[in-house]
Structures are given as structure tokens and as C-alpha cells.
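Taking it in order: structure first as C-alpha cells, then the write-up.
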Amino acid sequence: MTTATGQNEAQELSDSLDKAKLMSMLQRMLVIRRFEERTAQSYQQAKIGGFCHLYIGQEAVAVGSISALRDDDPIITAYRDHGHALARGMHPNYAMAEMFGKVTGCAKGKGGSMHFFDKPNHMYGGHAIVGGQVPLGIGLAFAIQYEQKQNVALACLGDGALNQGAFHEAMNLAAIWNLPAMIVLENNSYSMGTHINRGTAMADDLKQKAQSYGIRYAECDGMDVLDVYDCFAREAAATRGAENPQWERGAIPEYDKHGRTPGPVFINVKTYRYQGHSMSDPQKYRSKNEVQGYKDHRDPIQSLVQHLIEHGVATQEQIDEIDAEAKQLAKDAVKFANESPDTPIEEMYTDVYAEPFGPFKLGEAHEAFRGEE
Amino acid sequence: MAEEMRRDERVFLMGEEVAEYNGAYKVSQGMVEEFGPRRIVDAPISETGFSGLGVGAAMYGLRPIIEFMSWSFCLVAADQIINNAPKMLYMSGGQFGCPAVFRGNNGAGGQLGSTHSWSVESMFSSVPGLKMAIPSTPRDAKGLLKSSIRAEDPVFFLESERMLGFGARGDKDFSRYLHANGNGGPTWAPPAPEDDDNFLIPFGQAEVKKSGTDCTVVAFGRPVHFALEAAEQLEKEGIDVEVIDPRTVRPLDIDTIIESVKKTHYCVVVDQSWPFASVAAEVGMQVYENALDHLDNKVIRVNNDDVPAPYSRALEQEALPHARKIVEAVRAVTYNA
Ligand SMILES: Cc1ncc(C[n+]2csc(CCOP(=O)(O)OP(=O)(O)O)c2C)c(N)n1
Ligand SMILES: [Mg+2]
């Protein structure tokens, strides 16, 4: 693991993690995995429509990063958003119901798989236009800085989004205003069927992308939740409290390729998705061996389980119990979604405007409709 | 803007050259002195970046005013302003709104050629979730802008470069009608400063800029002045035109238009964007839907000509929905041609 800040002491924060934190990370990863298995099943049963992108294989990224943040640090991501929502604490029931198009869904069935939102948990959405969420994430960071809060904004993107102008504009804005933003590349090597090296110039040296904007660079192993946690805990601390040099009138900022501390960070998280890009991907672009290799040797859940057992943190029995609970939660989520009512037609015209007029008066402005889970 | 910024700490202005340069069109002159660079923010030339930033900041609870030097330049940010801003509330099932104002110059007329001469009202007003205002006088600009900043929904606020400098390098001031009275009728100037804080013009309320009995002319923004110029001319011919300025396209105050058509029985709609699938087409259709039995002739549209904006002054001016075209349309629709 490297950072550009020269902090080579790289104290292993995970060593000092208490048992509760470790177990909660395991639990969240298992919930995501079991939830996604049920998602795939429900999709095949045509209970779920549209595009649906699974998070299996990448669980350590959302769980490790989000566990290292404060609960009220806003997060935003792309359309592969189930993992982030669950890691943030969204109840699986509301996530599944959303995909079933039910009124009990996290966006009342108006968003679907690619557009999960959870205001009580500071989850600012899944966003389905590749790269489009990165400027929004920068906006969250801008608002944090504007209000002089000590939060950071976590903006996730896929490797395909590296090639979008929106990403580059956002990086530049984060740098010139030194925004408290953590820009997180979930680098699973593929955008749909395109290997990153085929679509992204200099893909083997992404550090340069951060350096070219004067943004701190870090990377971690997205198949190892402890490494992710360490990296994000350290980088979040180095991002919090970032101050805007341009708040001083007339100041001309200076830049350094190693970035600023406190200041924004670009984190390259190497990860891998096991399933196809979406539910309709025959995966002709990669070999079965490649996928199997990750499943057998790099699985993030297996690695954590091994760590917990080796360090005597938990027994296999305890772990099995957590897994059984996760399976039950996922199963119950399907049941909940099945039994929930469809989003009623009357909801069609609600939430179009906060201050509705004409036909939109049918639905008046809606409060955040559900409390914390 | 300054008044609203004094009133609400969450309001900030961001755009190209809004601070140190005092605004490309001097709209934000002196504001950085008063509010400082935290709230008056010079953005680099990154429309996608800073308009998306505005959406994110609005979701978080701020009240951004995002200035486009020209609406022509917003096109590179289309994903942020029409795919993100107006849909956030809906997609999130009511959880995250986007109380942002996007504003800037709109419309042709400065010999800037076709890349710089967009009138975006027709293209954008078909998007549910956004509101759109097109002021035609300083008074309306003030009242509508204050309402826009206080609104909970994203507002597209379309100003006119040609009207910023009325009388100077901009348009001639055609508005004899607007100067005629100060007692509750349409006027030119905003109210006295002491009333400023509460001077809000609600959305969806048309103003009859000139009342008349013979033909209804509906116009938005700068073409309101073309319509008033036409009205002056037609007055000499004995045709008493009623000029209605809806002031906001979304919501559209169709009721006031229909009331007028019921009285005059004739209708011309003026709109500075292209005719195909335009605001004028929409207004015309709504008049048919709501007042067909009251019409004594078809509705006639006067749009910008259906071509990219030419550079040459003569061509450019001719392409606009100018007064002569309106005069001819009114004569034709009232069987006076
Ligand atoms: C602007 C835009 N272009 C194309 C698409 C279609 N599309 C959806 S996902 C995707 C691949 C993105 O890959 P990546 O960013 O690596 O994310 P991952 O799927 O690996 O999580 C594409 C091309 C889109 N949603 N938006
Ligand atoms: Mg990818």
C-alpha cells in the first residue's frame, strides 16, 4: 500500500480494530453477497426489471471504505449501488422492494436497481450515467466546506468513468478549491466488456492521473477489507478539514503533484466483479479461469474469515451463524418485496416538484418518508 | 441576487468570471466585495463540473445560483442540468430535491453566430421537474429571480444579453406601454428599494403587458418588446392588440391566455426559439385544446426562422421573431391582411 504523503509508517489500523468492528464488516459483506444472490435469482424470475448490476466480488470496497467513515459523511456512487446502500445500513427489505418496483422501496419504486437513495443514511444515490455522479460528489464536498463541517464526501466511480470529461472536471475542481472529497476508483478492470487498458491510456500508472491534478494518490487491495479499511481511515483523516486556499481574496494557489493534506484524495481500489457486467452479460471478453482464480484465491469474504479464525477473533461456528442470518435477511427481503404493494398509480405525479403545480398538485411535496433503520 | 444572499447564508453564486472580473456582463458587479470569494465563486470553464457541483450542493442543502456565461454554453453540461437536476427528487422518491437556479443569457441578436445564439426554452421546457422563467423587464427579472432563489425546485432562468443594456448597446426601449402607468399595471422598473425584500413575482402568473380587444399576442422574454413595438404600429391601423407575457414557461399560466382569447377571438404566439416542437407550438396547442370554440381563425406562430443563427447582421435580425413579422401575423389572423 502506498500513499503520496510519505507516510510510510503505515501503521496497521486494522490490528487495533476491535472485534465488534471486524464482525460487523464481515456481517455487512455477507449480507451484500447473500442479498445479491437473491437479487440474481429474483431477476431470473422476472421479479426485477431493467438493468441490474451485481456487487458480488467487490463487497470489501464498499464495506471497508464506508466502515472507515463517519455515519454522516455523505456518499455517492454509480449504478452498481446495492453494496454501498447496504454497507451504509439500508435495510435489505427496502433495497429489494425498490427493485421489485414496490412502494416500500428506498425510492418508492421510482428509482430501481441503478438509483438507490437513502437520505437518513446519507447515501446520495446510485447514478446511472457513467461519470455523471462525480461532479455531484464534488458538490457534496463543496457544501461541506462551505458550511465548514468536518465531514468528507465519498464519490465512487468505475474504471470506465475515468474516460468521462465529468470525472476530469470534477478532479480539477476538487484540486483548485481543495475540497474534502475522496474520489474512489472501484477498479474492477472492466467497463462492460472493455478491459481498462483498452479504454484508458496509461491505465497501468493511474497515480499520474491524480498527480496531474495535484491530488493525493492512494491505492489499496479491494479484495482485502482490512487493507481497504486501513487506507480509507488514514485517507479520510487526511481529507477532513480541507480548506479552500481561494477563500482568501486574491490568493493564487500553488500545486504539488503529491497533493495537499488536508485535501482531496484519489484512491485506486483494485477489485474484481465475479458476475457479468449486468444480468444480461455472457462474458465473452474474459476467461473462466480468470474469474475462478479470484473466487478461489482472492475472495474478500474468505480472506476475512481466514483472518478472523487465524487471529482467534471468531470461530467457524460463529461465522456460520452470521452467514445463516445474512441468508435469512436476504430471503426475508424477497418475501418483504413480494408481499409489498406495487407503487400505486397515484404516486406517478408525486415528487416531480417539491412545489407542485397543475397536474403535479396530485402529489404534494414529500418528507423524507422513513426514519433510520 | 445580493438581497437574497443577505437574507440566506446558504445562497452562493458560481460561474465563469462572476467574481474578480465582476461578471462577463457585469451582472455580479461588486458582489465579491460584499460577500467574499467563499460565496461568489469564480469557476473555471467547466460547465459540466460546476453545474454538477451545484446539483450536489443543492442536494446537500445549499442554494446554488449557477451562472452560465451564456445558455449556449450549457450544452456541454446537459447531463447535469437536465438529466440530474430535474429528476433527483423523483428518482429518490422525494428524498433529495435540487433547489438550484441556473441562469444566464439566452437568445440570438448579438451577431455571435450559431454556436453562441441558442434559445434553449423550447428544448428544455419539455423536461418535467424543472421550472423556467423568462423575464422581459427589469421589474420581472427581479421579482422572478427572487422567487427562483427561494424555490425548492431547480429553476432555469433565461436572461437576455440584448436586454441587459437596454438603450445602450442593446435593444432600443420599445416599451412606451410599460412606462405609461405606475398604479398596479405593468411597469418597467422594480419597486422602490424599501420594498425589495418582499418583492416576489410568483411563478405561473402571466402579466398583461398591454391590454387590448382585437387580438391576443403571447410573447416571452425579449420578444415581448417586439410584440409591444408591433402593438404600437397596429394601434395606428386601428387594431388593438393585447400583449400577454406569461413570464414563466413552466408553470405556464394558460388561464390568462385563454381568458384573453375568449375576449379577442384571435391569437398569435411569439417565441424566439425554432418553430418545430417549440414553446409557441405548445401554447398554440393549448389554446386549441381550451378555447377552440372561441377562435375565429387559426392560431399563428411567430418563431425564429428555422435555420442556425446567421452571423450577418441583416440575416440575423431578419431571422428573429421581430415586430414586422408580428404585425403581419396579426393582420393575417384578424383578416386585415
Ligand atoms: C454516459 C454513459 N454511456 C454509456 C453507458 C452504458 N454503460 C453502463 S455501465 C457501462 C460500463 C461502465 O463501467 P465501469 O465504469 O468500469 O463500472 P463497472 O460496471 O465496472 O462498475 C456502460 C458503458 C452509460 N450508462 N452512461
Ligand atoms: Mg469497471
Side-chain angles (χ1 to χ4, degrees), chain A residues 74 76 98 105-112 115 117-120 124-125 127 129 131-144 146-147 153 155 165-166 168-170 172-173 176-177 244 246-251 347 350-355 357-358 360 363 365-369, chain B residues 9-10 12 14 19-20 32-33 36-39 41-62 64 76-77 79-80 83-84 86-100 128-131 151-154 203-204 250-252 254:
Chain A
I76 190 164
E98 182 61 29
C106 63
K108 294 198 277 185
K110 293 178 175 182
H115 309 113
F117 290 82
D118 188 357
K119 192 168 189 178
Y124 282 73
H127 296 266
I129 298 298
Q133 79 282 9
V134 193
L136 303 186
I138 294 307
L140 298 173
F142 178 91
I144 289 167
Y146 186 92
E147 300 204 318
H168 292 273
E169 293 191 18
N172 187 56
L173 297 182
I176 60 170
W177 295 324
N244 188 336
Q246 300 204 47
W247 278 8
E248 187 192 327
R249 184 102 192 265
E347 276 287 340
T350 64
D351 306 321
V352 182
Y353 290 96
E355 293 165 333
F357 59 89
F360 308 105
H366 214 282
E367 284 179 23
F369 51 91
Chain B
E9 176 71 19
R10 298 170 302 170
F12 69 92
M14 175 178 284
E20 298 301 334
V32 70
E33 270 79 24
R38 170 172 157 260
R39 300 183 66 195
V41 189
D42 274 334
I45 309 160
S46 305
E47 280 80 2
T48 291
F50 69 75
S51 56
L53 181 151
V55 177
M59 289 170 76
Y60 196 79
L62 300 187
V76 299
D79 181 46
Q80 297 301 335
N83 217 1
N84 278 340
K87 298 179 181 166
M88 210 56 79
L89 187 71
Y90 199 78
M91 278 202 313
S92 67
Q95 295 180 82
F96 293 102
C98 181
L130 60 81
K131 295 184 175 176
E152 296 295 335
D153 293 299
F203 274 44
R250 255 184 192 267
L252 177 69
I254 192 67

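Residue numbers start from 1 in every chain, and the chains themselves are labelled A, B, ... in the order their sequence lines are given, proteins ahead of strands. Owing to the predicted nature of the structure, the values given are computational and were not obtained by experimental measurement.
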Quick check on the interface: out of A/Ile138, A/Ile129, A/Ile76, who has the most heavy-atom pairs with chain B under 4.5 Å?
A/Ile129
If I measure from the heavy atoms of chain A, does B/Lys131 come under 4.5 Å with its side chain, its backbone, both, or neither?
both
Can you confirm if the aromatic rings of B/Phe12 and A/Phe142 lie within a centre distance of less than 6.0 Å?
yes
For the pair B/Gln95 (side chain) and A/Cys106 (backbone), establish whether a donor and an acceptor sit closer than 3.5 Å, ignoring hydrogens and angles.
yes
Please check if atom CD in A/Glu147 has more than 12 non-hydrogen atoms from other residues, nucleotides or ligands closer than 6.0 Å.
yes
Distance from A/His127 atom NE2 to B/Met88 atom CE, nearest 0.5 Å?
5.0 Å
Taking side chain as everything from C-beta outward and backbone as N, CA, C, O, which of these in B/Val76 sits under 4.5 Å from a heavy atom of chain A? Side chain, backbone, both or neither.
neither
As an exercise: rank A/Gly139, A/Ala170, A/Ala153, A/Gly109 by heavy-atom pairs under 4.5 Å with chain B and give me the winner.
A/Gly139
Where on B/Ile254 is there a heavy atom nearer than 4.5 Å to chain A: the side chain, the backbone, both, or neither?
neither
Examine B/Phe203 together with A/Phe357 and report whether their ring centres are nearer than 6.0 Å.
no
Let me know if A/Glu98 has heavy atoms under 4.5 Å from chain B in its side chain, its backbone, both or neither.
neither
For the atom pair CZ (A/Arg249) and CZ (B/Arg38), what is the distance rounded to the nearest 0.5 Å?
15.5 Å
